[in-house]
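Written out below as structure tokens is the structure these notes cover.
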Amino acid sequence: MKFFVDTADVKEIRDLAATGLVDGVTTNPSLIAKSGRRFLDVVAEIASIVPGPVSAEVAATDHPTMLAEGRKLAKIAPNIAVKVPLTVDGLKTCKVLSDGGTMVNVTLCFSAAQALLAAKAGASFISPFVGRLDDISAPGMELIADICQIYRQYPHFKTEVLVASIRHPLHVVDAAKLGAHVSTLPPNVLRQLFAHPLTDKGLAAFLADWASTGQSILEEPIEDRRALAQAR
Ligand code: E4P
């Protein structure tokens with residue numbers, strides 16, 4: 001499963017990209033507004049930090065303007081994925097951009113029927129929002145299961161299932177069990193994936209026992225030990 005980070009906070013993206021575990025970034029107009037920065041500046045900077053797909057969302061709702069905005073965003077960097085909402089005009093725009101070789105992320109997907117349309121329109125990514133469905137007592141993960149099942153029936157579909165609106169680590173684990181291609185994670189959720197109290201407890205015990213030996217790995221010479229290991 002690929003991990004994208006769902007933020008327009010460049011400092012967070014740099015920190016997390018340093019782990020080597022970040023495959024892409026998703027932004028949306030709300031995240032751009034939160035960053036307080038100029039949209040094109042922040043998207044260009046993110047695209048220079050992360051080599052994988054960086055989603056940048058159009059602001060128009062009519063096809064001609066969406067297309068013009070999408071083409072402009074795509075010119076910023078080759079790893080820009082133009083994000084369009086799942087509307088008739090959005091999918092018309094998706095089809096034209098995809099046919100022209102631009103990556104498109106179709107967002108605000110809340111049904112399997114919508115996901116089927118996005119695949120037919122040639123989307124690179126479909127973004128079903130699991131957290132927002134859970135919020136209204138509709139199980140978001142059931143939508144991921146349905147989309148993965150449908151896409152598997154049609155191997156010519158190249159659309160990747162990008163699980164969005166993730167709220168906690170269990171969303172990620174459940175999406176991975178279903179075979180979803182990508183999870184886009186708020187930075188705090190990505191950090192939560194690393195954490196387990198037994199890891200912290202176990203490490204503390206190992207470090208205490210190691211300290212009691214009084215040894216240092218870096219201060220020990222290695223040559224004699226290599227010869228000993230190779231002689232066996
Ligand atoms: C990602 O592409 C979406 O814009 C994002 O995951 C939405 O998450 P939210 O429901 O927490 O706003």
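Nothing here was measured: the structure is a model prediction, and the numbers come from that model. In listed order, ligands and their atoms are each counted from 1. By convention here, the first residue in the shown sequence is residue 1.
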Mind checking whether Leu170 and Met141 have side chains closer than 4.5 Å, heavy atoms only? no
Taking only non-hydrogen atoms of Arg167 and a 4.0 Å limit, the atoms of ligand 1 in range are 9 (P), 10 (O), 11 (O)
So the atoms of ligand 1 within less than 4.0 Å of a heavy atom of Arg132 turn out to be 7 (C), 9 (P), 10 (O), 12 (O)
Requested in this report: Please check if the side chain of Asp89 supplies one atom and the backbone of His63 the other of a donor-acceptor pair under 3.5 Å.
Outcome: yes
Note: ligand 1 atoms sitting under 4.0 Å from heavy atoms of Ala164 are 1 (C), 6 (O)
Between Phe4 and the options Asp23, Leu190, Val25, the side-chain contact (heavy atoms from CB on, under 4.5 Å) test singles out Asp23
When the side chains of residues 156-167 are checked against the rest of the protein, which donor-acceptor pairs come out under 3.5 Å, sequence neighbours left out?
from	atom 1	to	atom 2	distance (Å)
Lys158	NZ	Pro155	O	3.3
Thr159	OG1	Ala123	O	2.8
Glu160	OE1	Lys2	NZ	2.9
Glu160	OE2	Lys2	NZ	3.1
Ser165	OG	Gly131	N	3.4
Ser165	OG	Arg132	N	3.1
Ser165	OG	Arg167	NH2	3.2
Arg167	NH1	Asp135	OD1	3.1
Arg167	NH1	Asp135	OD2	2.9

Residue, atom and distance of the protein heavy atom nearest atom 1 (C) of ligand 1 read Asp6 OD1, 3.3 Å
heavy-atom search around atom 8 (O) of ligand 1 in the protein gives Ser165 CA, 3.4 Å
Original post:
Is Lys83 in contact with ligand 1, taking contact as a heavy-atom separation below 4.0 Å?
Top reply: yes
Heavy atoms, side chains only, cut-off 4.5 Å: are Phe129 and Leu108 in contact? yes
Ligand 1 atoms nearer than 4.0 angstrom to some heavy atom of Asn28 are 3 (C), 4 (O), 5 (C)
Applying side-chain hydrogen bond (donor to acceptor under 3.5 Å, both in side chains) to Gln153 and not counting sequence neighbours gives none
For atom 3 (C) of ligand 1, the closest protein heavy atom turns out to be Phe129 CZ, 3.5 Å
